[in-house]
Structures are given as C-alpha cells and as structure tokens.
2 protein chains.
Amino acid sequence: MQELLKSIQIRVNDKIYLKDPESSELGKNIVRRSIDMIHSMGLEAFTFKKLAIELSTTESTIYRYFENKHKLLIYLISWYWGWLEYEMVLNSINIADPVEKLGNTIETICHPLKNNIEHDHINLQPLHKIIIEESNKAFLTKEVDIENEDGLFSNYKRINDRLIKNIKEINPHYPYANTLASIIIDSSNHQRFLANHFPRLTDIDKTGSDLGSFLVEMVLKTIKTDR
Amino acid sequence: MQELLKSIQIRVNDKIYLKDPESSELGKNIVRRSIDMIHSMGLEAFTFKKLAIELSTTESTIYRYFENKHKLLIYLISWYWGWLEYEMVLNSINIADPVEKLGNTIETICHPLKNNIEHDHINLQPLHKIIIEESNKAFLTKEVDIENEDGLFSNYKRINDRLIKNIKEINPHYPYANTLASIIIDSSNHQRFLANHFPRLTDIDKTGSDLGSFLVEMVLKTIKTDR
DNA sequence: GCTATAAAAATAGTAATACTATTATTATGT
DNA sequence: ACATAATAATAGTATTACTATTTTTATAGC
C-alpha cells in the first residue's frame with residue numbers, strides 16, 4: 001500500500017503549468033528544489049534566478065514550466081490538497097459512522113504526515129510547512145477570480161466539499177455546513193501558524209496535538225440540534 | 001460623540017513608521033491615498049513610485065515616513081485594529097451580562113462600519129476591505145517573529161485579548177479560549193473574503209448578514225459545559 | 001526681516017527582480 | 001542519419017525597491 005501511494009500520480013489542473021513538471025527529470029527537480037527553497041527562505045526571497053542557479057540551469061528554462069513563481073506556488077498547494085484527498089479517502093475507508101468519519105477526516109487534515117509517507121520527488125514535510133506559512137498568498141491576489149474560474153483551486157475546494165458532505169451526513173438540516181467546513185480547514189493550518197509565531201493567540205502547541213480533537217468537538221457541539 | 005470619535009487619535013506603535021504620518025499634511029495624504037490605491041489595485045501592484053506620482057511628490061519623500069510598503073501595510077492594519085478597539089469598547093459600554101457583551105463585541109468585529117463613522121483622513125470603507133483582502137500578508141513573512149517582538153502587531157493582539165477575557169467571563173474553565181478567540185477574529189474577515197471570491201465555501205453572503213449570529217452561536221455552543 | 005533648521009522636492013543612480021527573445025547545443029525517437 | 005523537441009547560453013528590458021546628494025521651500029525664534 002505504501003508503495004502504491006508513493007508512485008501515485010496526483011492530478012493537478014493543467015492550466016497551472018505551461019509544461020507538466022512531472023513529465024521530465026528537470027521538471028521534477030524544479031518542484032523538489034523549489035519546495036526546499038521556499039520553505040527555507042520564504043516565498044518573497046525565492047526567485048527563479050536563484051532556483052536556476054541551484055539547478056545549474058537558466059531562468060528561461062524554468063519559465064517553460066511555470067509562468068511565474070505565483071503559479072509555481074499554486075502548483076505546490078494544489079498538489080498538496082490533491083495528495084491530501086487520497087490520504088483522507090484512504091484513512092476513512094470502511095468507516096460507516098459519519099461522526100467517526102468526521103473525526104478521522106479532521107485528524108487527517110490536522111496531522112497529514114502521521115503515516116510517515118514518502119513520495120517520489122516531493123518532500124511532504126517542508127511542503128506541509130509551506131502550506132501553513134505561505135498558502136494563503138495563493139488566493140490573496142487581485143487575480144483570484146480569474147484563476148478560480150480557470151479551476152486552479154479545485155483541488156482545495158474538493159477537500160471542502162468532502163467535509164461539507166460529511167457534516168451534512170451528521171445533521172442534514174444544519175444551515176452553516178459550508179462555513180463550518182471552511183473554518184475547519186483554515187484553522188487546521190492557521191492555528192499551527194499561530195502556535196509557531198503568536199503562541200498567545202492559541203491553546204495549541206507546535207505539534208498541534210489537541211487541534212484535531214478541539215475542532216471535532218467544536219463542530220459536533222455546533223451542529224447538534226438541541227432540544 | 002460622533003465628533004469626539006472623529007478626531008480621536010489612534011495609537012500605533014511608533015516602530016512601524018520612521019516619521020509619524022499624523023504629524024503632517026503630507027503624511028496624512030500618504031495614508032489616505034495609499035488606502036485608496038491598495039484597495040483598488042491590490043498590494044502587489046501598488047508601489048511607492050505610483051503613490052508619489054499621485055501625490056505629486058517623490059519616492060524619497062515617502063521613504064522618510066515608511067521604510068517600505070510592507071511597513072505601510074502594517075501601519076494601516078494596526079490603525080484599523082486600534083480604531084476597532086475603540087468601537088468595541090464604546091459599543092459594549094454598560095453591558096454587564098457577558099453573553100450579551102460577547103454578542104455585541106462579535107457583531108462589532110463583523111460589522112465595524114455599522115455606525116457609519118467618518119474619520120478625518122482615513123476612509124474606513126476601503127480600509128475594511130483591505131483588512132479582508134490583504135491583511136494576512138502582513139504577518140505571512142519570514143520577518144514575522146522580529147516584527148512581533150518589536151510590538152508591531154500589538155493592536156491586533158489586544159483585540160484577541162479582549163475576546164479571550166470575554167469568553168472566560170462566560171466559562172472560566174473552558175480550556176480553548178485563545179484558540180476560539182483567534183478563530184472568531186480570523187473568520188469575521190475570512191468568511192467575507194470567501195463570500196466575495198469562493199461563495200461555494202461559505203453560507204455567508206457578501207454583506208455578511210448572518211456572520212455575527214453564526215459566530216456567537218458557535219462560541220456559545222462550544223464553550224457550554226454540558227451536563 | 002533675518003537666520004537657523006527642518007522638511008520636502010528634484011535629480012541621479014544602483015542592484016535586483018521578473019520577465020522576453022534569439023541562437024546554439026544536446027538528446028531522443030524513428 | 002535526420003527531424004524534432006528540449007535545454008542551455010547569452011543578451012537584453014522595464015520595473016521595483018531602494019539610497020544618496022543637492023537644492024528649494026516652509027517655519028519658528030530672535
């Protein structure tokens with residue numbers, strides 16, 4: 001199973017890239033190295049020039065894969081959510097009880113690397129940190145609506161859809177399932193950001209230990225029909 | 001009262017700027033025009049050069065007020081939270097019941113412009129939109145820890161503290177008051193962002209009409225000691 | 001009204017970024 | 001062996017994000 005997962009191809013909207021980075025060794029290296037570099041130096045300091053030097057290639061070559069570093073970021077993020085969907089589905093397979101499934105799903109979102117999975121050319125540990133520290137920048141732009149229309153965020157939205165469906169399985173009449181789902185997903189990463197940089201603003205520690213159980217409890221209490 | 005509020009000086013940490021923009025007409029114009037420009041063109045397209053042209057002045061002159069556009073953004077955000085604290089306090093004055101106070105406070109965070117307040121040189125409407133669309137960029141950087149140590153985010157953190165205190169007044173034993181508070185504040189803006197750009201991910205409309213009541217309900221249900 | 005001082009404006013310049021274009025070289029598949 | 005595509009090398013541009021220097025203008029005290 002581990003082996004199967006390792007070589008699985010994550011589907012990423014092909015409008016994100018100019019040339020599929022999975023289609024060549026160089027492409028894979030671009031992805032691999034950019035994860036390390038963005039993780040260690042931050043998105044703003046990261047440039048195609050620096051990446052080109054690291055890869056002993058040229059800027060223009062990288063530009064044949066990605067239009068700009070913003071698109072590269074979207075690629076990484078989209079890949080992440082695409083990958084997480086597999087994890088979510090696999091982890092919750094055979095779970096019939098919707099409450100248990102919700103718990104399992106939220107736990108997966110909060111601790112995606114629990115299974116210690118490895119991947120061919122993508123290092124998940126730093127990628128997850130990029131998600132925590134940088135991913136919001138992908139849609140906090142003036143181009144968000146066009147890019148959204150082009151489907152660049154669909155992998156992200158599918159994760160939301162699954163959570164929404166799960167919540168509605170538990171309480172079909174709850175009117176704020178969408179809002180709750182997006183809060184869960186956002187918080188699963190943002191609370192860890194706060195733990196890293198604004199510990200006063202959270203009760204979660206850096207490992208995110210109680211995060212999952214907190215979020216599950218919040219959801220269940222919130223959607224419970226009281227009578 | 002309106003008049004009093006209009007001329008009130010919002011306290012902003014003086015490490016954010018090089019020269020206090022409130023101290024001169026030009027400084028006020030820098031703030032005023034930058035709000036309009038960032039709002040209309042987005043933070044990335046906004047430059048000191050363009051601002052200088054708009055103000056018929058030069059880049060170097062603007063640089064005497066702010067180190068760079070990032071600091072200017074932090075200034076605007078910090079001013080906003082500083083101002084919101086006044087609003088929060090004023091709106092909840094004389095409310096003794098902590099549950100009622102929480103409702104009032106959250107309502108203020110979600111609908112800060114309800115009182116149709118005007119301000120001397122700061123246009124609150126576009127500023128609020130900047131908070132919704134751009135404010136996360138202020139701390140999603142590699143410099144966040146140094147800037148946080150320097151107190152650049154203290155106005156923001158004080159808002160959190162008030163909410164935390166309020167939650168603890170209702171249930172002193174609830175162990176996740178900090179986490180819940182930061183989720184509330186974050187969601188009060190982020191759900192409106194989603195309403196604008198990802199309506200499928202929220203049940204809130206663009207005016208944010210049910211947002212306050214949803215958040216209040218979520219908090220109250222979550223912190224309720226069930227027995 | 002004169003002068004010191006500070007603020008602002010004008011001017012110039014630099015290193016880095018975010019690209020684009022052109023040509024030469026190398027690899028690959030038939 | 002040849003066509004094709006990918007990559008590398010080289011060069012260049014507009015813009016950004018600054019810094020430095022000098023000149024002009026405004027202000028406040030004497």
Side-chain angles (χ1 to χ4, degrees), chain A residues 14-34 37-38 40-76 121 134 137-138 140-143 146-147, chain B residues 14-34 37-38 40-76 121 134 137-138 140-143 146-147:
Chain A
D14 61 13
K15 281 189 181 162
I16 295 174
Y17 48 74
L18 296 171
K19 178 184 171 167
D20 185 0
E22 305 258 281
S23 70
S24 76
E25 241 354 272
L26 179 66
K28 287 179 189 172
N29 280 329
I30 288 172
V31 171
R32 199 190 338 249
R33 302 292 286 145
S34 67
M37 289 178 78
I38 294 173
S40 62
M41 68 208 289
L43 185 69
E44 358 293 321
F46 169 79
T47 68
F48 276 9
K49 177 114 208 189
K50 289 172 187 167
L51 176 60
I53 291 166
E54 283 280 312
L55 296 172
S56 325
T57 181
T58 59
E59 279 180 279
S60 15
T61 304
I62 295 168
Y63 275 109
R64 319 180 100 252
Y65 287 85
F66 294 102
E67 226 177 307
N68 48 48
K69 75 171 169 181
H70 176 240
K71 287 282 169 68
L72 172 53
L73 178 68
I74 291 179
Y75 179 86
L76 298 178
H121 64 291
E134 316 272 5
K137 292 171 193 165
L140 294 176
T141 70
K142 278 280 162 186
E143 294 78 35
I146 313 147
E147 293 179 346
Chain B
D14 60 14
K15 282 188 180 162
I16 295 175
Y17 49 75
L18 296 171
K19 179 185 169 165
D20 186 0
E22 305 259 280
S23 71
S24 76
E25 242 353 274
L26 179 66
K28 286 180 190 172
N29 279 329
I30 289 172
V31 171
R32 199 190 338 250
R33 300 294 286 146
S34 67
M37 289 177 78
I38 294 173
S40 63
M41 70 207 289
L43 185 70
E44 358 293 322
F46 169 79
T47 68
F48 277 8
K49 177 114 209 189
K50 289 173 186 165
L51 177 60
I53 291 165
E54 283 281 313
L55 294 172
S56 325
T57 180
T58 59
E59 280 179 281
S60 15
T61 304
I62 296 166
Y63 275 108
R64 320 179 99 251
Y65 287 85
F66 293 102
E67 225 178 307
N68 48 49
K69 79 170 166 181
H70 176 240
K71 288 282 170 69
L72 171 54
L73 178 68
I74 291 180
Y75 179 87
L76 298 178
H121 63 291
E134 316 271 5
K137 291 172 194 165
L140 294 176
T141 70
K142 279 280 163 186
E143 293 77 36
I146 312 147
E147 292 179 347

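Computation of the quantities below employed the complete heavy-atom set of this structure, encompassing side-chain atoms and omitting hydrogens, waters and symmetry-equivalent molecules. Below, chains carry the letters A, B, ... as their sequence lines are ordered, and counting in each starts from 1.
- Checking C:dA10, C:dC19, D:dA8 against every side-chain atom of B:T58, the shortest atom distance belongs to C:dA10.
- Remark: B:K142 NZ is packed, more than 12 non-hydrogen atoms of other residues, nucleotides or ligands lying under 6.0 Å away.
- Across the interface with DNA chain D, nearest-nucleotide mapping of A:R64 and A:E59 shows A:R64 to be the residue nearer the 5′ end.
- Whole-Å rounding puts the B:I53 CD1 to D:dT15 C1' distance at 12 Å.
- The main-chain N or O of B:F48 is never found under 3.5 Å from a side-chain atom of B:E59 such that the two would form a donor-acceptor pair.
- Scanning both residues, B:Y65 and B:P21, for their nearest heavy atoms gives CD2-CA, 3.9 Å.
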Quick one, B:E44 with B:K137, criterion salt bridge (charged side-chain N to carboxylate O under 4.0 Å, His left out). Give me CA distance, side-chain angles, the key distance, then yes/no. CA-CA 11 Å; B:E44 358 293 322; B:K137 291 172 194 165; 2.4 Å; yes
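- Of the listed residues (B:E22, B:R32, B:K28), just one forms a side-chain hydrogen bond (donor to acceptor under 3.5 Å, both in side chains) with B:H121, and that residue is B:E22.
- As rounded to whole Å, 13 Å separates atom P of D:dA9 from atom CD1 of A:I62.
- Between A:T57 and the phosphate of D:dT7, there is no side-chain N or O to OP1/OP2 separation shorter than 4.0 Å.
- Going from atom NZ of A:K50 over to atom P of C:dA15 covers 16 Å, rounded to whole Å.
- In this structure, the CG atom of A:L51 is 14 Å from the C1' atom of C:dA18, given to the nearest Å.
- Distance alone, capped at 3.5 Å, places no donor-acceptor pair between the A:T61 side chain and the A:T57 backbone.
- Using a 4.0 Å heavy-atom cutoff across all strands shown, A:K49 reaches no nucleic acid atom at all.
- Going from atom CG of B:L72 over to atom P of D:dC18 covers 12 Å, rounded to whole Å.
- Protein atom CZ of A:F48 is 19 Å distant from nucleotide atom P of C:dA16, rounded to whole Å.
- OP1 or OP2 of D:dT7 lies within a sub-4.0 Å distance of a side-chain N or O belonging to A:Y65.
- Residue-to-nucleotide proximity on DNA chain C shows that, of A:T47 and A:S60, the 5′-proximal contact is made by A:T47.
- Of the residues in residues 14-33 of chain A, not one comes within less than 4.0 Å of DNA chain C through any heavy atom.
- Nearest heavy atom pair, residue B:L18 against residue B:F66, reads CD1-C, 4.0 Å.
- Following rounding to the nearest Å, A:N68 (CG) and D:dT16 (P) show an atom-to-atom distance of 15 Å.
- A:Y63 comes within contact range of at least one nucleobase, with a heavy-atom separation under 4.0 Å.
- Phosphate proximity of C:dT17 to A:K69: absent, as no side-chain N or O sits under 4.0 Å from OP1 or OP2.
- Contacts of B:F66 with the nucleic acid, taken as non-hydrogen atoms under 4.0 Å apart, are absent.
- Protein atom CD of B:E44 is 10 Å distant from nucleotide atom P of D:dA17, rounded to whole Å.
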